[in-house]
Student: 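Could you have a look at this structure, given as structure tokens, before my questions?
Excluded from the calculations below are hydrogen atoms, water molecules and symmetry mates; all remaining heavy atoms, backbone and side chain alike, are included.
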Amino acid sequence: MLYHSTRNKQIQVSSAQAITQGISKEGGLFVPESLPTISTQQLNQLIAMSYAERAEWVFSQFLTDFTSEEIHDCVKNAYHAQKFHSDNIAELSLLSKDTYMLELWHGPTCAFKDMALQILPYLLTTSAKKVTKDKKIVILVATSGDTGKAALEGFKDVAGTQMLVFYPEDGVSAMQKRQMTTQEGENVAVCAIHGNFDDAQTGVKQIFTNPEIAQKLEQHQMMFSSANSINWGRLLPQIVYYVSTYCELLKDEQIQMGEQVNVVVPTGNFGNILAAYYAKKMGVPLGKFICASNANNVLTDFIKTGTYNRIRDFHATISPSMDILISSNLERLLYDLSGEDEEKICEWFTQLNHTGAYTVDEGLKQRLQQEFYAGCCDDVQTKETIQRIFKTYSYVCDTHTAVAVKVAEDYKRETNDNRKMIIASTASPYKFANSVLEAIGGEIPADDYEQLDKLYQLSGLEIPKALAELKEKPVRFSESVDRNEMQRVVLQMLDLK
């Protein structure tokens, strides 16, 4: 299977090249030339498999230039009990008779990004051996909180790689910041920027496509790659958990083969919900995709109107991983819905870059709305939802998952769609203990770690060991720079001044 760019179909590469490179040279994203299909017979066979075995099968459909042994080794190193605190890797909890919480946060950094970023280092280093000549892979990441820590943890001390992470100084939770600034590993570095996530993401993309920097890296036997969801190696593992979850529901006799299930995802960069869309296109019987946003509701407006406009107020919310106004993975969806019209993609994203907005045609808008529903809620509604879910079900959810729950409730009220729902629960509530405590009641201690203890007393939910241990770890990275200094910082970190 070959992969081509969303902005130039003539660019065709292997999966190894797509994963190693991360983003196409002209700024497009790599997509498979076609999606493999999953038959009913194959779904039946997957039911009896473990999460790791299902992952191997899905990867084998997309990574046709990998041997079965290489895929097996990647999966074996990523999905095991030492990294994930659940035998199922992705855990399903029944919230109500027709709503399931897909807990994607039982990995080492307590967020859904672990599902992909624990395997990406193995996919990337295996890919690099196929397409480069002993070059060091420089992983450059912009993060709104969870991607950064998950990438740092996944790539720490991985031979032949260097990891550089930028995050918005005031745009992550205290626990997320602590996770990143105390990160261990000889090949990692972290830097805050004065700005928001979109500033960090734009800066990273500009560095990626800067020919002068690329030349400097080439001279020193280095090359850039990405751990953000613009990298196909990040997005592909996310397809796995939607395939696997449908199989788990079949296995537990919660649904019948062929029964459609709706999927609700709190999303900012659109990768998580796009993975569900790809799973449906492959043949998994998924129904409506419910896209949940916080006060930064650019995706809600786009899905409802067909106009994407990032020129709006930016809100720093209690669900910071969704504080995003430029959703990178939306490009892949629009490429698919437009019938792979690269000219339209180039036109729309050039407009977005130059004017801050674009409008899709009416036919595409209708196709978009057939598949997706969009809603949003503010911080007050998010806290109310956390409190209501806790009181009603004794279930404590984080500030991002609560956004999804609220929008799911709105969708049901508006549509009377009674299909069962999978709600993607994207982070442990302990990563946002301050806001969760404020929502469910009780005095909030000033100390971050006392907040963890207080939340445990109220909820009974076990404190993740990885978060409890942060208290004893020294801060290693404290630099904070203006966004226009990111290029200098990268060259300095790589000793290429």
Student: Kindly indicate whether the side chain of I290, heavy atoms from C-beta on, has any atom under 4.5 Å from the side chain of V407.
Tutor: yes
Student: Give the intermediate values and the outcome of side chain to side chain contact (heavy atoms under 4.5 Å, CB included) for residues L333 and F372.
Tutor: CA-CA 11 Å; L333 176 70; F372 292 85; 3.8 Å; yes
Student: Between F166 and V141, is any pair of side-chain heavy atoms under 4.5 Å apart?
Tutor: no
Student: Taking side chain to side chain contact (heavy atoms under 4.5 Å, CB included) as the definition, give me every residue that meets it alongside Q256, ordered by chain and number, with sequence neighbours left out.
Tutor: E259
Student: Does CD in Q41 sit with more than 12 non-hydrogen atoms of other residues, nucleotides or ligands closer than 6.0 Å?
Tutor: no
Student: With sequence neighbours left out, what residues match Q370 under side chain to side chain contact (heavy atoms under 4.5 Å, CB included)?
Tutor: none
Student: For the residue pair D323 and N296, confirm or rule out a side-chain donor-acceptor distance under 3.5 Å.
Tutor: yes
Student: Please tell me whether Q176 and S321 have a donor and an acceptor in their side chains that are separated by less than 3.5 angstrom.
Tutor: yes
Student: If you count heavy atoms of other groups shown closer than 6.0 angstrom to CD of E347, is the number above 12?
Tutor: yes
Student: Just wondering, are more than 12 heavy atoms of other shown residues or ligands nearer than 6.0 Å to CZ in F314?
Tutor: yes
Student: Could you check whether any side-chain N or O of Q387 sits under 3.5 Å from a backbone N or O of E384, counting only pairs where one atom can act as donor and the other as acceptor?
Tutor: no
Student: Check ring pair (Phe, Tyr, Trp, His ring centres under 6.0 Å) between Y308 and all other residues, then give those that pass, not counting sequence neighbours.
Tutor: F302, Y358
Student: Show me the side-chain donor-acceptor pairs of residues 271-286 shorter than 3.5 Å, one per line, residues at least two apart or across chains.
Tutor:
{"unit_1": "N272", "atom_1": "OD1", "unit_2": "Y241", "atom_2": "OH", "d": "2.7"}
{"unit_1": "N272", "atom_1": "OD1", "unit_2": "Y242", "atom_2": "OH", "d": "2.7"}
{"unit_1": "Y277", "atom_1": "OH", "unit_2": "D336", "atom_2": "OD2", "d": "2.6"}
{"unit_1": "K280", "atom_1": "NZ", "unit_2": "L286", "atom_2": "O", "d": "3.4"}
{"unit_1": "K280", "atom_1": "NZ", "unit_2": "G287", "atom_2": "O", "d": "3.0"}
{"unit_1": "K280", "atom_1": "NZ", "unit_2": "E371", "atom_2": "OE1", "d": "2.9"}
{"unit_1": "K281", "atom_1": "NZ", "unit_2": "D336", "atom_2": "OD1", "d": "2.9"}
{"unit_1": "K281", "atom_1": "NZ", "unit_2": "D336", "atom_2": "OD2", "d": "3.0"}

Student: Residues in salt bridge (Lys or Arg N to Asp or Glu O under 4.0 Å) with K465, at least two apart?
Tutor: E469
Student: Looking only at side-chain N and O atoms, does Q201 offer a donor or acceptor that is under 3.5 Å from a partner on N269?
Tutor: yes
Student: For L330, is there any backbone N or O sitting under 3.5 Å from a side-chain donor or acceptor partner on S327?
Tutor: no
Student: So, using side chain to side chain contact (heavy atoms under 4.5 Å, CB included) as the criterion, who are the partners of L2 when residues are at least two apart?
Tutor: Q12, E33
Student: For F432, which residues count as a ring pair (Phe, Tyr, Trp, His ring centres under 6.0 Å) partner, sequence neighbours excluded?
Tutor: H400
Student: Side chain of N294, backbone of V403: donor and acceptor closer than 3.5 Å?
Tutor: no
Student: Assess whether a salt bridge exists between E153 and K149, defined as any Lys/Arg side-chain N lying under 4.0 Å from an Asp/Glu carboxylate O.
Tutor: yes
Student: Is H80 close to K83 at the side-chain level, that is, under 4.5 Å between some pair of heavy atoms?
Tutor: yes
Student: When you measure from the side chain of S319 to the backbone N and O of M322, does any donor-acceptor pair fall under 3.5 Å?
Tutor: no
Student: Does some side-chain heavy atom of Y411 sit less than 4.5 Å from a side-chain heavy atom of M421?
Tutor: yes
Student: May I have the step-by-step check of ring-ring contact (aromatic ring centres under 6.0 Å, His included) for Y79 and Y51, ending in yes or no?
Tutor: CA-CA 8 Å; Y79 302 127; Y51 187 93; 5.3 Å; yes
Student: Taking G148's backbone N and O only, do any of them form a donor-acceptor pair with T143's side chain (distance below 3.5 Å, no angle check)?
Tutor: yes
Student: Below 4.5 Å, heavy atoms only, C-beta onward: do R312 and D301 meet side chain to side chain?
Tutor: yes
Student: Is there a side-chain contact between M49 and E56 in this structure, where contact means two heavy atoms from C-beta onward sitting under 4.5 Å apart?
Tutor: no
Student: Salt bridge or not between E409 and K406? Use side-chain N to carboxylate O under 4.0 Å.
Tutor: no
Student: Just how far is it from atom CD of E462 to atom NE2 of H85, taken to the nearest 0.5 Å?
Tutor: 8.5 Å
Student: I need the L123 CG to S15 OG distance, nearest 0.5 Å.
Tutor: 9.0 Å
Student: Would you find more than 12 non-hydrogen atoms of other residues, nucleotides or ligands less than 6.0 Å from R367 atom CZ?
Tutor: yes
Student: Of all residues at least two apart in sequence or in a different chain, which pass the side-chain hydrogen bond (donor to acceptor under 3.5 Å, both in side chains) check with R419?
Tutor: Q260, N262, D417
Student: Taking side-chain hydrogen bond (donor to acceptor under 3.5 Å, both in side chains) as the test, write out the residues that go with K344, two or more places apart.
Tutor: D361
Student: Can you list everything that forms a ring pair (Phe, Tyr, Trp, His ring centres under 6.0 Å) with F208? Sequence neighbours excluded, please.
Tutor: F224
Student: Check whether any side-chain N or O of T399 sits under 3.5 Å from a backbone N or O of I318 as a donor-acceptor pair, and report yes or no.
Tutor: yes
Student: Do Q179 and T109 pass the side-chain hydrogen bond (donor to acceptor under 3.5 Å, both in side chains) test, and can you show the C-alpha distance, the side-chain angles, and the key distance before you say yes or no?
Tutor: CA-CA 8 Å; Q179 281 186 301; T109 75; 5.2 Å; no
Student: For Y335, is there any backbone N or O sitting under 3.5 Å from a side-chain donor or acceptor partner on T6?
Tutor: no
Student: With K251, which residues qualify under side chain to side chain contact (heavy atoms under 4.5 Å, CB included), at least two apart?
Tutor: I47, R54, E248
Student: Are the side chains of M175 and Y430 in touch, meaning some heavy atoms are under 4.5 Å apart?
Tutor: no
Student: Quick check against the 3.5 Å criterion: does R332 have a side-chain atom that pairs as donor or acceptor with the backbone of I230?
Tutor: yes
Student: For the atom pair CG (N231) and CD1 (I23), what is the distance rounded to the nearest 0.5 Å?
Tutor: 10.0 Å
Student: To the nearest 0.5 Å, what is the distance between CD on E103 and CD1 on I89?
Tutor: 13.5 Å
Student: Apply ring pair (Phe, Tyr, Trp, His ring centres under 6.0 Å) to Y395 and list each qualifying residue two or more places apart in sequence or on a separate chain.
Tutor: none
Student: Tell me whether D398 contacts the main-chain N or O of T401 through its side chain, where contact means a donor paired with an acceptor under 3.5 Å.
Tutor: yes
Student: Between D146 and K113, is the salt bridge (Lys or Arg N to Asp or Glu O under 4.0 Å) condition met? List the steps.
Tutor: CA-CA 6 Å; D146 287 334; K113 304 296 175 70; 5.5 Å; no
Student: Give a yes or no on whether the backbone of S50 and the side-chain of E53 come within a donor-acceptor separation of less than 3.5 Å.
Tutor: yes
Student: Pick out which of F30, F59, F62 makes a ring pair (Phe, Tyr, Trp, His ring centres under 6.0 Å) with W232.
Tutor: F62
Student: Within the structure provided, determine whether K431 and W105 are in side-chain contact (heavy-atom separation under 4.5 Å).
Tutor: no
Student: Hey, is K420 close enough to D98 for a salt bridge, meaning N to O under 4.0 Å?
Tutor: no
Student: Will you find, in the side chains of S86 and E91, an N or O donor that is under 3.5 Å from an N or O acceptor?
Tutor: yes
Student: Working to the nearest 0.5 Å, report the span between OG of S425 and CG of L92.
Tutor: 11.0 Å
Student: Going from OH on Y246 to CG on L249, what distance comes out if it is rounded to the nearest 0.5 angstrom?
Tutor: 8.0 Å
